[in-house]
Amino acid sequence: MSSYIKSAGILAIGGIISKLLGLFFKIPIGRILDSFGYGLYYSSYNIYNLLLTVSIVGIPVAISKMIAERASVKNYYGVYNVFKLSMILLIVIGSVSSTFLYFGANWIIQLADWDEGTYYAIIGLAAAPFFVSIMCAIRGFFQGMQMMTPSAISQIIESFVRVIFGIGLCIYLTSQYGQAQGAGGASAGASIAAAATTIFLLFAMNVFLKDFKRPIEKSKKKFKRESYRALLKRLVNIAVPVTLASAFVSLFGLINSFTYVSRLGVAGIDQKMATILFGDFGLGQTMINVPLTFSSAMSLTLVPAISTSFAIKNMESIRHKTELGIRTMLLISLPCAVGLSIYSQPIFDLLFPSAHNGGAILRYLAYSVVFIMVGNILQSVLQALDKFRIPVFNLFIALIVKFVLNYILMAIPSINIYGMVISNIGAFAVTSILNYIAIKRTVNIQINVSQTIIKPLIASGIMGAFGVYIYNLFSNFLPNSINVLIAIVLCVIVYFTVLVLIKGITKGELALMPGGKKIIDRFGRMIK
C-alpha cells in the first residue's frame, strides 16, 4: 500500500510542477491574447482533447492494467509483447488524428459557428496527437510496471518546452500579425512539447530495455507466448469502454464549445462577446485544473495498484485502497474548492486583470473541483475492477444532464455563461454519485462519513472564514499580490491545524503520504 501512495506522490509532484508550469504558460497567454484571443485558443483545445481521448486515452489505461496483471506474476515476456502491440496501434491511431485535425480544421469551424480566427489554433495543434500517441504508450508501460519517475519527469519536460515555445511564438505572432495567429502560436507550443517529450521517453525506454532483456528471456521459458490476436482482443475490451468514459468527459467540454455561441445568442449576446465570455470561462477552468493534478496522479496509480489486488483476489486490499483514495481526494479537494472560491476575484486581479468576468465565474466553478476529483478516483476503481461499462453508462447520463442544463440555462439572459458553470457542477456530481453507488454494490466499501466528509468540511469552512477575514484585514496595507500569497499560506496552516485538532486525520494516514513522517515527528502528540 505504501508503494501505491509513493507512486501517486511521485506522479503528483511531477504533475504539480507540470501544472505550475502550465499555469505560468497560460497566465502570459491570457494576458497577451486577452479574453477574445483566449476564447479562440480554448475552443480549439476542446476539439484536441476529444480527439486525444477517442484515439489514444483509453489504450494507456489498458496497457498499464494488462502490464500490471502480467508483472504481478513476473510474466515479463508477456509485458513486452503487450507494449509492442500497443505501440504499433497507438502510432497508427495518432497519425489518423493528426491528419484529421490538419485537413478538417475549416469543417470544424463551420460546424461550430466559431470565429474564423480559430483556424490557426487548430492547425497549431495538428501534429500533437501523433507524438502524444508514442508518449502515452511508453507512459502506460512504465505506470503498469509501477515506475512513475519517467512519467513524472516527462510531464515536467513537456510543460517546460511548451512554456518556452508556446509563449515565444504567441508573443511574436501576436505582435506581427494579430490575436488569431498568436493563438495558433500558443497551440503550436503543445505540438513542439509533445515532440520533445517523445524523444526523452524513447531514450528512457531504450535504457530500461537494456536491463529488462534478461528478465524477458528468463520468463520465456516459464510462460507461453500469447497471440497478438488474444492480446488485441483484451486490449480493445479494456480500451474501448475506458475511451468511451473519457470521451464523455471530453464531450462535456465539447458541448460547451459547440453551444456557447448559439445559446448565448438566444440570450442576446453577439458572437464576439460570447467568445470573450467563453475565454473567461476557460481561464477559470485553467485555475481549477491545478488541484486536479492530485486526482490525475492517484487515478493513474490506482488502476495498476487495484488491478494487482484484483488479480490475486485480495478484496480487503481493494476496499482499503478505494477508501483511502476517496478520503484523500476529499481532504484535498474541499479546501481547494473553498480557497479558489473565496479568492477568485483577487486571483483574477493578479493573474488575468483583463478578464472582467473570470473572477465571478471561478467563484462558483471552483466547487466542481470536489466532484471531478472524487469522480476520477471512483471511475478508476471501477476500471481496475473490470467494471468498464458502468462508468460509461453513468457518464452518458451525466452528459445528458450537461447538455440539457447548458441548452436551457445559457439562453436565460440573467444566467448566460453561468449556465455553463451550473451544468459542469451538476454533471460531475451525477457521475460521482452513480459511480459511488456502483462501487459500494461491488466491493461493499464502508465510508466513515464523519471522518471522510464532515471533518474535512468543518476544517474547510473554518479555513474559508479565516481566509476572508485575513485577506480583508491585510488589504488595508498590503498590495493584492502579496496579500493573496500570504493569505493562501495561512489558510493551509489553519486547515491542517483544525484538521488535527478535530482528529480529522490519523497518524496511519499521514505515514502513508509524502512528507507525513516528518509531520508526525513534529506534531505526533496532537495526532491520534
Checklist outcome for this item: Of all heavy-atom pairs linking Ala194 and Val132, the shortest is CB-CG2, 3.9 Å

Item to check | ring-ring contact (aromatic ring centres under 6.0 Å, His included) against Tyr38, all qualifying residues, sequence neighbours excluded | outcome: Tyr41

Checklist entry - Counting only N and O atoms by type, is there a donor-acceptor contact under 3.5 Å from the side chain of Ser159 to the main-chain atoms of Ile156? => result no

Do any side-chain atoms of residues 459-467 form donor-acceptor pairs under 3.5 angstrom with protein atoms, and if so which ones, sequence neighbours left out?
from	atom 1	to	atom 2	distance (Å)
Ser460	OG	Pro456	O	2.8

Next on the checklist: Could you check whether atom CZ of Phe165 has more than 12 heavy atoms from other residues, nucleotides or ligands sitting under 6.0 Å from it?
Outcome noted: no

Checklist outcome for this item: Interatomic distance, CE@Met410 vs CD1@Ile422, rounded to 0.5 Å, equals 11.0 Å

Checklist entry - Quick one: does Val338's side chain get under 4.5 Å of Cys491's, heavy atoms only? => result no

Checklist entry - What do the steps show when you test Ser187 against Ile122 for side-chain contact (heavy atoms from CB on, under 4.5 Å), and what is the final call? => result CA-CA 7 Å; Ser187 294; Ile122 296 175; over 6 Å; no

Next on the checklist: So which atom in Ser43 and which in Ser257 form the shortest heavy-atom distance, rounded to 0.1 Å?
Outcome noted: O-OG, 4.0 Å

Checklist entry - Taking all atoms of both residues into account, what is the closest heavy-atom pair of Asn406 and Ser423, and its distance? => result OD1-OG, 2.6 Å

Item to check | All side-chain hydrogen bond (donor to acceptor under 3.5 Å, both in side chains) counterparts of Asp115, not counting sequence neighbours | outcome: none

Next on the checklist: Is there a side-chain contact between Ile412 and Leu409 in this structure, where contact means two heavy atoms from C-beta onward sitting under 4.5 Å apart?
Outcome noted: yes

Item to check | Verdict with reasoning, Gln181 to Thr174, per side-chain contact (heavy atoms from CB on, under 4.5 Å) | outcome: CA-CA 6 Å; Gln181 291 82 356; Thr174 301; over 6 Å; no

Checklist entry - Excluding sequence neighbours, so at least two apart, what forms side-chain contact (heavy atoms from CB on, under 4.5 Å) with Ala274? => result Tyr260, Leu264, Ile269

Item to check | side-chain hydrogen bond (donor to acceptor under 3.5 Å, both in side chains) partners for Asn394, two or more places apart | outcome: Asn435

Next on the checklist: Measuring from atom CG of Leu169 to atom CZ of Arg162, what distance do you get when rounded to the nearest 0.5 angstrom?
Outcome noted: 12.5 Å

Checklist entry - Is the backbone of Lys503 close enough, under 3.5 Å, to the side chain of Lys455 for a donor and an acceptor to pair up by distance? => result yes

Item to check | Spatial distance of atom CD1 (Ile458) from atom CD1 (Ile502) [nearest 0.5 Å] | outcome: 5.0 Å

Checklist entry - When you measure from the side chain of Ser191 to the backbone N and O of Gly124, does any donor-acceptor pair fall under 3.5 Å? => result yes

Checklist entry - For the atom pair CZ (Arg327) and OG1 (Thr452), what is the distance rounded to the nearest 0.5 Å? => result 5.0 Å

Checklist entry - Does Phe200 CZ have over 12 foreign heavy atoms under 6.0 Å away? => result yes

Next on the checklist: Suppose we screen for salt bridge (Lys or Arg N to Asp or Glu O under 4.0 Å). Which residues come up paired with Arg31, at least two apart in sequence or across chains?
Outcome noted: none

With a cut-off of 3.5 Å and sequence neighbours excluded, list every side-chain donor-acceptor pair involving residues 358-374.
from	atom 1	to	atom 2	distance (Å)
Tyr367	OH	Ser341	OG	3.2
Ser368	OG	Leu365	O	2.7

Checklist entry - Heavy-atom distance under 4.5 Å between the side chains of Tyr42 and Leu283, does that happen here? => result no

Checklist entry - More than 12 non-hydrogen atoms from neighbouring residues, nucleotides or ligands closer than 6.0 Å to NZ on Lys440, yes or no? => result yes

Next on the checklist: Just checking Gln345: does its CD atom have more than 12 heavy atoms from other residues, nucleotides or ligands closer to it than 6.0 angstrom?
Outcome noted: yes

Next on the checklist: Quick one, Tyr407 and Lys402 - any side-chain contact, counting heavy atoms below 4.5 Å?
Outcome noted: no

Checklist entry - With no hydrogens and no angle check, do the side chains of Gln446 and Asn448 hold a donor and an acceptor under 3.5 Å apart? => result no

Checklist entry - According to the interplanar angle, ranging from 0 to 90°, do the rings of Tyr172 and Tyr177 count as parallel (below 30°), tilted (30 to 60°) or perpendicular (above 60°)? => result perpendicular

Checklist entry - Do Leu331 and Tyr495 come within less than 4.5 Å of each other through their side chains, counting heavy atoms only? => result yes

Checklist entry - Is there a donor-acceptor pair under 3.5 Å between the side chain of Thr286 and the backbone N or O of Gly282? => result yes

Item to check | ring-ring contact (aromatic ring centres under 6.0 Å, His included) partners for Phe252, two or more places apart | outcome: Phe428

Checklist entry - Where is the tightest heavy-atom contact between Pro28 and Ile167, given as atom of each residue plus distance? => result CG-CD1, 3.4 Å

Next on the checklist: List the residues meeting ring-ring contact (aromatic ring centres under 6.0 Å, His included) with Tyr120, not counting sequence neighbours, and say none if there are none.
Outcome noted: none

Checklist entry - With a 4.5 Å heavy-atom cut-off, do Phe496 and Val492 have their side chains touching? => result no

Next on the checklist: Pair Leu382, Ile439 - check side-chain contact (heavy atoms from CB on, under 4.5 Å), show working.
Outcome noted: CA-CA 7 Å; Leu382 288 169; Ile439 290 173; 3.6 Å; yes

Item to check | Residue pair Phe281, Leu277: steps toward the side-chain contact (heavy atoms from CB on, under 4.5 Å) verdict | outcome: CA-CA 6 Å; Phe281 177 89; Leu277 288 171; over 6 Å; no

Next on the checklist: Can you list everything that forms a salt bridge (Lys or Arg N to Asp or Glu O under 4.0 Å) with Arg139? Sequence neighbours excluded, please.
Outcome noted: Glu158

Checklist outcome for this item: residues 463-481 vs side chain to side chain donor-acceptor pair (under 3.5 Å), sequence neighbours excluded, gives Tyr471-Asn480

Item to check | Any residue meeting ring-ring contact (aromatic ring centres under 6.0 Å, His included) with Phe474, in chain and number order, not counting sequence neighbours | outcome: Phe477

Checklist entry - Minimum heavy-atom separation for Asp113 to Gln271, with atom names? => result O-NE2, 3.1 Å

Next on the checklist: Give me the atom names and distance for the closest heavy-atom approach of Ala398 to Ala427.
Outcome noted: CB-O, 3.3 Å

Checklist entry - Just wondering, do Phe278 and Met420 contact through their side chains at under 4.5 Å, heavy atoms? => result yes

Item to check | Phe258/Trp114 aromatic ring centres below 6.0 Å | outcome: yes

Item to check | OG1 on Thr431 to CD1 on Ile397, rounded to 0.5 Å | outcome: 8.5 Å

Checklist entry - Are the side chain of Arg319 and the backbone N or O of Ile445 linked by a donor-acceptor pair below 3.5 Å? => result no

Checklist entry - Looking at CD1 of Ile390 and CD1 of Ile437, how far apart are the two atoms once the value is rounded to the nearest 0.5 Å? => result 11.5 Å

